[in-house]
Participant: 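One structure follows; several queries about it will come next.
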There are 2 protein chains.
Amino acid sequence: MVTRRFDPERRDRIIDAALDVIAAQGVAGASHRRIAEHAGVPLGSMTYHFAGMDELLTEAFRRFGDSIADRFDEQLAGAADIDGARRAVVDLIHLDLLDSQRDLVLTHELYTLAARKPAFRQITRDWMARSRRALGLHFDPGTCRMLDALIEGLFIHAALDTEPHDRSITVEAVARITTPLNHSEHATLEVATT
Amino acid sequence: MVTRRFDPERRDRIIDAALDVIAAQGVAGASHRRIAEHAGVPLGSMTYHFAGMDELLTEAFRRFGDSIADRFDEQLAGAADIDGARRAVVDLIHLDLLDSQRDLVLTHELYTLAARKPAFRQITRDWMARSRRALGLHFDPGTCRMLDALIEGLFIHAALDTEPHDRSITVEAVARITTPLNHSEHATLEVATT
DNA sequence: CGGTCATGCGTACGATCGTACACATCCTTG
DNA sequence: CAAGGATGTGTACGATCGTACGCATGACCG
């Protein structure tokens, strides 16, 4: 039997507080006590509303992933053609994502968690699937995977770079990765590695 | 005054043990006690050889970053031309990196640490600088940044994907990102976002 | 009105942590 | 050989952690 849960408004507050604490202190620093204090609820509420830390982390990161994916969907659904989609991608990276250190940190925390504990990989998988579905409105499946990886890399590096982010690099990179090569260019690469 | 340090062989053992423990349990689970036990040294040695956890983490991750960058240098220095360089990049991703869950996990741990604590960013910056220098033997600076980000993204996603990794996607992505666009393709993208 | 049970919380327990510091051991020097 | 500094370790302290669990509270029903 699972622990009963009520007062969903309080549950929500706890989840939001958990994300705040994780963003500020990391998963490692996200203790029941700190989250409870930040949410303004007693410590006992933690174990009452959530069976354990893992359940709370799962719900928190799922909420976070959804919020990012929502922005993805929103931006890309509004693009009229493939160039619009390219611009939408660049904007996603530069307007929504890079400017928010909070999102960057939370993303890293989630990825680290997922890399170590397979139980959390479903969250990242669902998130990536949503991203690719959104990209799939405008690009072929292979391009989606490449573009998705590129976005990830640009995003990740942005968290670690100290210099201001260079938009023109992003524009060029998105353009290249979404532009299929013609045959003559391809030929030089088909040689297998020994 | 800084704590004195001797017996560098023991120091080395501790650093290696730290990386093992971090790979297995994460930075959060890397306690002095666990590392000491894994290294076969007494707990007191920890504070004797390292001023604190941060110093140990710094040295450990620096060693890790160097080992990865060494592989980068090695592979890319051996490439004769630009196509060889492209193949070297693909090989780096598929042979050296993706196959090692340990490296993936350690990379995530380092990035998460660096994203939160600026003191650790020097490590990632130096590492990225070395990567880009190695890439710079064959590609122009802008391409280096794009390619570096792409490699990062492919690498990151590899840690989270459950399906086996598709080499042909990597080949195609590397080819695209390293192939400058011609002028007519460019024109469609120069329109600024409103 | 009184009983009962769902709902929610305060507190205390055992485990683990980083670190300080007194102490042991050994090596050099006189 | 004696002395004393250099090198290294065992242990104990205070803080923090997750979680279990007994108790408070109030709504609902007979």
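All chains are named by letter (A, B, ...) in the order of the sequence lines, taking the proteins before the strands, and each is independently numbered beginning at 1.
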Participant: Are side-chain heavy atoms of Ile123(B) and Leu113(B) found at a separation under 4.5 Å?
Facilitator: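 Ile123(B) does not reach Leu113(B) side chain to side chain.
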Participant: What is the distance from CZ of Phe50(A) to P of dG8(C), rounded to the nearest Å?
Facilitator: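 To the nearest whole Å, that distance equals 13 Å.
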Participant: According to salt bridge (charged side-chain N to carboxylate O under 4.0 Å, His left out), does anything in residues 39-54 of chain A pair up with another residue at least two apart or in another chain? List the pairs.
Facilitator: Asp54(A)-Lys117(A)
Participant: Rounded to the nearest Å, what distance is computed from the CD1 atom of residue Ile35(A) to the C1' atom of nucleotide dT16(D)?
Facilitator: 14 Å
Participant: So which of Arg125(B), Arg145(B), Arg121(B) actually passes salt bridge (Lys or Arg N to Asp or Glu O under 4.0 Å) with Asp161(A)?
Facilitator: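 Among the candidates, only Arg145(B) passes.
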Participant: Run the side chain to side chain contact (heavy atoms under 4.5 Å, CB included) test on Thr112(A) and Val27(A) for me, step by step, so that the C-alpha distance in whole Å, both residues' side-chain angles and the decisive distance to 0.1 Å come before the verdict.
Facilitator: CA-CA 10 Å; Thr112(A) 300; Val27(A) 169; over 6 Å; no
Participant: Rounded to whole angstroms, how far apart are NE2 on His32(A) and P on dG18(D)?
Facilitator: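 Whole-Å distance recorded here is 6 Å.
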Participant: Figure out the CD/P separation between Glu55(B) and dT19(C), and round it to whole Å.
Facilitator: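 Distance check: Glu55(B) CD to dT19(C) P gives 11 Å.
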Participant: Taking only the side-chain nitrogens and oxygens of Ser31(A), find out if one of them lies under 4.0 Å from OP1 or OP2 of dT16(D).
Facilitator: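 For Ser31(A), the contact criterion (side-chain N or O under 4.0 Å from OP1 or OP2 of dT16(D)) is not met.
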Participant: Starting at atom CD1 of Ile14(B), determine the distance to atom C1' of dG8(D), rounded to an integer number of angstrom.
Facilitator: 11 Å
Participant: Report all interatomic pairs (protein N or O, nucleotide N or O of nucleotides 9-12 of chain C) with separations under 3.5 Å.
Facilitator:
residue, atom, partner, partner atom, Å
dC9(C), OP1, Arg10(A), NH1, 2.5
dC9(C), OP2, Arg10(A), NH1, 3.0
dC9(C), OP2, Ser45(A), OG, 2.3

Participant: Could you give the CZ-to-P distance, from Arg11(B) to dG8(D), as a whole number of Å?
Facilitator: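 Between P of dG8(D) and CZ of Arg11(B): 12 Å.
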Participant: Rounded to the nearest angstrom, tell me the gap between atom CD in Glu37(A) and atom P in dG18(D).
Facilitator: 13 Å
Participant: Of Gln25(B), Gln101(B), Glu109(B), which is the lone residue that meets side-chain hydrogen bond (donor to acceptor under 3.5 Å, both in side chains) with Arg116(A)?
Facilitator: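 When side-chain hydrogen bond (donor to acceptor under 3.5 Å, both in side chains) is applied between Arg116(A) and each of Gln25(B), Gln101(B), Glu109(B), only Glu109(B) qualifies.
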Participant: Is Ile68(A) close to Trp127(A) at the side-chain level, that is, under 4.5 Å between some pair of heavy atoms?
Facilitator: yes
Participant: Base, sugar-phosphate, or nothing: which does Met53(A) touch, judged by heavy atoms less than 4.0 Å apart?
Facilitator: sugar-phosphate
